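Keep in mind it's a predicted model, so treat the numbers as computed, not measured.
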Amino acid sequence: MVIRPYGYAIWESIQDYLNVRFKETGHSNMYFPQFIPYSFIEKEASHVEGFSPELALVTIGGGKELEEKLVVRPTSETIVNHMFTQWIQSYRELPLMINQWANVTRWEMRTKPFIRTLEFLWQEGHTAHATPEEAEKEALQMIDVYTKFAYEQAAIPVIVGRKSRAETFAGAACTYTIEAMMGDRKALQAGTSHNLGQNFSRAFGTQFTDENGQRKYIWQTSWAISTRFVGGIIMTHGDDAGLMLPPRLAPIQVVIVPIWKKADEKMGVINAATTVEKLLKTAGIKVKLDDSEQRTPGWKFNFWEMKGVPLRIEVGPRDVASGSVVVSRRDIPGKPGKEFGVSMDPSVLEDHVKSRLEDIQESLLQRATLFRDSNIVDVSSYEELKVAISQGKWARGPWSASDADESKVKEETGATIRCFPFDQPQGRKTCFMTGNPADEVAIFARSY
């Protein structure tokens, strides 16, 4: 999959936000090799079992058969541990908290642009700690960073929770996830944070000397968000006219379209449009002036709507004469989304545009939240779950059944446990599958 400039610009917006958050929470960026010795992958049993169907292997290098085959990075826990074992000797070197922005390769048989691709871009954080409590706190802190990003930047109302045993990352003690509902009502695992416990440190012999001189295995976490999130933004907010991008992540927040018919109108319109462009750029708004003469204004309207630009400003001869502009919102089609006679006065226009961008950001989140909540059904029996899933909805119900029962649900309905939400209802609960008491409700849905 080739990511073209506009799509990559969305990924850059995601990077810009998360990079700051990671550094604020004490992590440093670095880089690990893309080729990993196969013996590293084999060291953690559940890890190799979980990833082996997706591995791409290198057997020839420099024209010669390699003594040991190499794995093209599917994830970096193993090579990170190989290095942690050399870097960590004492409790004084803990916690060790790093992140890398990289590409990974997983041999995907059913591809879908952004959502499931053979190669994708991501960040992967890896941390080492002296105690299990520190590792758990870190895993929860990072899923919280992802949750805030989803709500506040992407306007995607995710459900945050814990994965079931069957859906836990291969090699992790526990996986936390943010699950998002797409426009087709399928679930997207939009970000994960794993408490790895001591699974990898025991496999690699990654130990430290504690304050009492005792040798102990480190406790670890890993966590990641990928270019899959770009697909999530497209499928959460898009409509039949194309993309609809949340202003805080949009590569272009405002497009200015100058309109004229007669040659003597052109100069005044272009000058006014350029003045508006400079004003908004100075105010820190990402703005594009489309003054190309090869396309009609109507074509430009359609093109930038398709690109999902949140706001369009139109400047014509009448607007120049009245010292005003027309402002159109992408999230409200047609005349209801148009405002006429908005003053070009710098302070008025700047405040107006900033206010509208915030309105659109909030509107997209509210709309997505309403859509999500209206498509989650509470169930109290397996039959009710089957009906909900057959209607394409998410099913939420008490669950304390076995892994085998979970597999049965997947086989018979195509749905999996997306998570046990952190936000749990109070009171006594009865498992809808077994009739036994249940401590938690789970959310089931079909996914990609």
Side-chain angles (χ1 to χ4, degrees), residues 6-7 9-14 16-17 114 148-158 180-186 188 190 229-257 259 276-277 280 283-290 297-315 319 324-343 348-375:
Y6 197 70
I10 299 172
W11 178 237
E12 285 180 313
S13 294
I14 293 171
D16 290 345
Y17 174 87
F114 285 115
K148 283 180 177 165
F149 164 73
Y151 272 92
E152 295 173 9
Q153 300 295 308
I156 297 178
V158 294
M181 183 183 287
M182 301 294 97
D184 61 0
R185 297 182 296 189
K186 280 189 179 175
L188 185 76
F229 218 106
V230 178
I233 291 164
I234 293 165
M235 293 196 297
T236 299
H237 303 304
D239 62 12
D240 289 346
L243 302 178
M244 199 182 306
L245 298 179
R248 289 179 193 165
L249 293 180
I252 301 168
Q253 295 170 312
V254 179
V255 63
I256 303 167
V257 179
I259 304 164
V276 171
E277 179 196 24
L280 297 181
I285 293 161
K286 291 182 271 188
V287 59
K288 161 87 175 169
L289 170 58
D290 187 350
W299 188 94
K300 292 176 186 178
F301 290 178
N302 184 64
F303 179 79
W304 293 113
E305 280 175 11
M306 187 175 66
K307 289 280 195 181
V309 174
L311 271 187
R312 181 178 73 238
I313 292 178
E314 302 160 27
V315 185
D319 302 306
S324 66
V325 296
V326 178
V327 178
S328 293
R329 291 173 58 150
R330 172 63 180 88
D331 62 324
I332 304 175
K335 276 202 171 174
K338 275 192 180 243
E339 292 177 285
F340 297 89
V342 178
S343 173
V348 174
L349 186 57
E350 179 186 328
D351 288 348
H352 188 87
V353 167
K354 285 182 173 177
S355 173
R356 284 297 164 270
L357 290 173
E358 282 304 304
D359 289 346
I360 294 167
Q361 184 80 26
E362 186 60 34
S363 164
L364 291 181
L365 178 59
Q366 285 178 355
R367 187 181 301 179
T369 304
L370 190 64
F371 179 78
R372 180 199 68 182
D373 292 348
S374 64
N375 283 291

Item to check | T236 and M182: CA distance, side-chain angles, deciding distance, side-chain contact (heavy atoms from CB on, under 4.5 Å) verdict | outcome: CA-CA 5 Å; T236 299; M182 301 294 97; 3.1 Å; yes

Next on the checklist: Run V315 and V257 through side-chain contact (heavy atoms from CB on, under 4.5 Å) and show every step you take.
Outcome noted: CA-CA 6 Å; V315 185; V257 179; over 6 Å; no

Checklist entry - Would V325 and L349 count as a side-chain contact (heavy atoms from CB on, under 4.5 Å) if you check the C-alpha gap in whole Å, the side-chain angles of each, and the deciding distance to 0.1 Å? => result CA-CA 9 Å; V325 296; L349 186 57; 3.9 Å; yes

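Judged by distance alone, with hydrogens and angles left aside, the side-chain atoms of R330 form a donor-acceptor pair with the main-chain N or O of E305 at under 3.5 Å. In terms of modelled atom types and a separation under 3.5 Å, the side chain of S324 and the main chain of S343 share no donor-acceptor contact. In this structure a side-chain-to-backbone donor-acceptor pair under 3.5 Å is missing from S355 to D351. With hydrogens and angles ignored, the 3.5 Å screen pairs a side-chain donor or acceptor of K300 with a backbone N or O of D290. Judged by distance alone, with hydrogens and angles left aside, the side-chain atoms of R356 form no donor-acceptor pair with the main-chain N or O of R329 at under 3.5 Å. Judged by distance alone, with hydrogens and angles left aside, the side-chain atoms of K286 form a donor-acceptor pair with the main-chain N or O of A250 at under 3.5 Å. Looking only at distances, a side-chain donor or acceptor of D239 sits under 3.5 Å from a matching main-chain atom of G242.
Residues V309 and V254 have side chains not in contact (no heavy-atom distance under 4.5 Å, counting atoms from C-beta outward). With contacts defined as side-chain heavy-atom distances shorter than 4.5 Å, the pair M244/R367 qualifies. Contact of the N375 side chain with the M181 side chain is registered, since non-hydrogen atoms from C-beta on lie closer than 4.5 Å.
Across all non-hydrogen atoms, the minimal contact from I360 to P310 is CD1-O, 3.4 Å. A150 approaches V158 most closely through the heavy-atom pair CB-CG1, 3.7 Å. E314 approaches D319 most closely through the heavy-atom pair O-OD2, 3.7 Å. Taking all atoms of both residues into account, the shortest heavy-atom contact from V255 to I252 is N-CG2, 4.4 Å. The two atoms that bring L243 and K307 nearest to each other are CD1-O, 3.5 Å, heavy atoms only. The minimum heavy-atom distance linking H237 with A368 is given by the pair CE1-CB, 4.3 Å.
Annotation: F149 is in aromatic contact with F229 [ring centroid separation under 6.0 Å].
R312 forms a cation-pi arrangement with F301, by the criterion of a distance under 6.0 Å to the ring centre and an angle within 45° of the ring axis.
Looking at E152, Q153, E358, Q253 one by one, the single match for side chain to side chain donor-acceptor pair (under 3.5 Å) with R248 turns out to be E358.
Distance check, rounded to the nearest 0.5 Å: CG of L365 to CG of L370 gives 11.0 Å. One finds the CD1 atom of I233 at 6.5 Å from the CD1 atom of I10 (value rounded to the nearest 0.5 Å). Going from atom CD of E277 over to atom CD1 of I285 covers 12.0 Å, rounded to the nearest 0.5 Å. In this structure, CG on L245 lies 9.0 Å from CG on L364, to the nearest 0.5 angstrom. Distance CG/L188 to CD1/I156: 8.0 Å, rounded to 0.5 Å. The line from CD of E339 to CD1 of I313 is 10.5 Å long, rounded to the nearest 0.5 Å.
The number of heavy atoms from other shown groups lying within 6.0 Å of NZ (K148) does not exceed 12.
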